[in-house]
Amino acid sequence: MFYDLASTSWGEEERLAIARVLAGGRFTMGEQVRAFEDAFADTFGMKHAVMVNSGSSANLVGVAALFHVGRRALRRGDEVIVPALSWATTFHPLQQYGLKLRFVDVQLETLNMDVSRLEEALTPRTRMVVAVSILGNPAALDVIRAFCDRHGLWLFEDNCESMGASLHGKRCGTFGDIGTFSTFFSHHISTMEGGMLVTNDTEIDHLARAIRNHGWARDVPADTTLGPPHADPFFEAYRFILPGYNVRPLEITGALGVEQLKKLDQMLEIRRANATIFVRLFEGDDRFIIQREHGMSSWFSFTLILNPSMRIDRQRVMDALRAAGVGFRMITGGCFLRHEAIRFFDYDTVGEIVNANIAHDHGFFVGNNPRDLASQIVRVREVLDRAAVPDGVRA
Ligand SMILES: Cc1ncc(COP(=O)(O)O)c(C=O)c1O
């Protein structure tokens, strides 16, 4: 393919890291995972980082942990304010834990939650906001943080698409009481599959460590507030303190994470250089609504929404991209309200959901990768220039 959605960012260092783990003989969660967690916490300036086997699992463990905290614990039936556009597993743990979702529309330009609707979304049952920075572009996390502080709400930051982004000099993923990251193949760093939960709250860290590991006390430090150890070592070795899962990461993924994290800044620079070209080529053309950067984006990809008022045929555009060997796909998961899974949710919407539907029906994205994509982006521009014909204009 001429221009793929994603490509590998591994080099010799990652292959050597895998070989080291294989030679070492310890494959399940151990010191490599711990080393990655420590480096991650350090890089993001957070007290704690807990690695799991995916970003989805980080969301699941994080939501579960908030049901067991000693103070302000979530309860079934509590309400959560969420954006209408995100990935499915932003929402699924909320449903699985019996929370009610209040969907708020996104802004068409940033693709992030329209925070002017937050006050309207608030009810006496609201307990949490889930903030998502879509495809590298920081959401209005400062505004959402202040809103949560004002109303005593948890802020859960699903930052699975935006590692390396920042707002006012503060890294995305660190605004929330809990922040989550994904290290899946196509993401800013890749451990094949993988996810990370970060927090400054030691109780949440301990809860997350138990929940990811069968609800077991074993991976929780001895000084935990979650209860004293059993006096008898026989029973202490197998003490289950919470209803948990097994979503542990593998040592190989920890070792990969350590190597990939060293390259994050350099890879972000390349992504941002590609973005400069993309924005220069597309801005000012009314046929395309491209993502407007808010703060400093880590540019997961390049979104294009065909201006709905021009009635451009998206199918024709997608056919032309396919013919040119250009990969493209739906923007994140599109409008979640449009998926069959929504019938299992307890939810309502805060006013009308307009922009998430426009992104769903008229949008798509092409990839960004940590390598020079200048010629690919120029080609996309040429293809789209010809294929994106407003209705009423002769092709
Ligand atoms: C916003 C968001 N949350 C969660 C996830 C889940 O991450 P993973 O694929 O690692 O499970 C993704 C995946 O891309 C995502 O975009």
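First listed ligand is number 1; within each ligand, the first listed atom is number 1. Throughout, numbering of the chain's residues begins at 1 and tracks the sequence.
Using bins of under 30°, 30° to 60° and over 60° for the plane-to-plane angle, the ring pair F364/F328 lands in the perpendicular bin. Ring planes of F40 and F36: perpendicular class, angle over 60° (limits at 30 and 60°).
Polar contact with ligand 1: present for E161 (N/O pair, distance under 3.5 Å). For ligand 1, the polar-atom distance check finds no N/O of T332 at less than 3.5 Å from any of the ligand's N/O atoms. At a 3.5 angstrom cut-off on N or O pairs, F184 does not count as close to ligand 1. Taking distance alone, with nitrogen or oxygen atoms compared against 3.5 Å, T183 stays at or beyond that limit from ligand 1.
Comment: R102 engages D348 in a salt bridge, judged by a side-chain N to carboxylate O separation of less than 4.0 angstrom.
Geometrically, R171 engages F44 in a cation-pi contact defined by less than 6.0 Å to the ring centre and at most 45° from the axis.
Within ligand 1, counting atoms from 1 as listed, the ones closer than 4.0 Å to a heavy atom of S56 are 6 (C), 7 (O), 8 (P), 11 (O). Atom numbering of ligand 1 starts at 1 in the shown order; those under 4.0 Å from a heavy atom of T89 are 4 (C), 5 (C), 6 (C). Of all the atoms in ligand 1, the ones that sit under 4.0 Å from a non-hydrogen atom of S54 are 10 (O), 11 (O). In summary, the atoms of ligand 1 found under 4.0 Å from a heavy atom of N59, numbered by their order in the structure, are 3 (N), 4 (C).
Using a distance-only test at 3.5 Å, with no hydrogens or angles considered, a donor-acceptor pair links the side chain of N200 to the main chain of K47.
For S86, the closest heavy-atom approach to ligand 1 falls below 4.0 Å. At least one heavy atom of H187 sits less than 4.0 Å from an atom of ligand 1.
In terms of heavy atoms, A165 sits closest to P138 at CB-CG, 4.0 Å. The shortest non-hydrogen separation linking V129 to I144 is CG1-CG2, 3.7 Å.
Remark: minimum distance from atom 3 (N) of ligand 1 to any protein heavy atom is reached at D158 OD2, 2.8 Å. Among protein heavy atoms, atom 15 (C) of ligand 1 sits closest to W87 CB, 3.4 Å.
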### Query
Would R34 and E37 count as a salt bridge (Lys or Arg N to Asp or Glu O under 4.0 Å) if you check the C-alpha gap in whole Å, the side-chain angles of each, and the deciding distance to 0.1 Å?
CA-CA 5 Å; R34 192 75 215 196; E37 290 176 340; 3.8 Å; yes

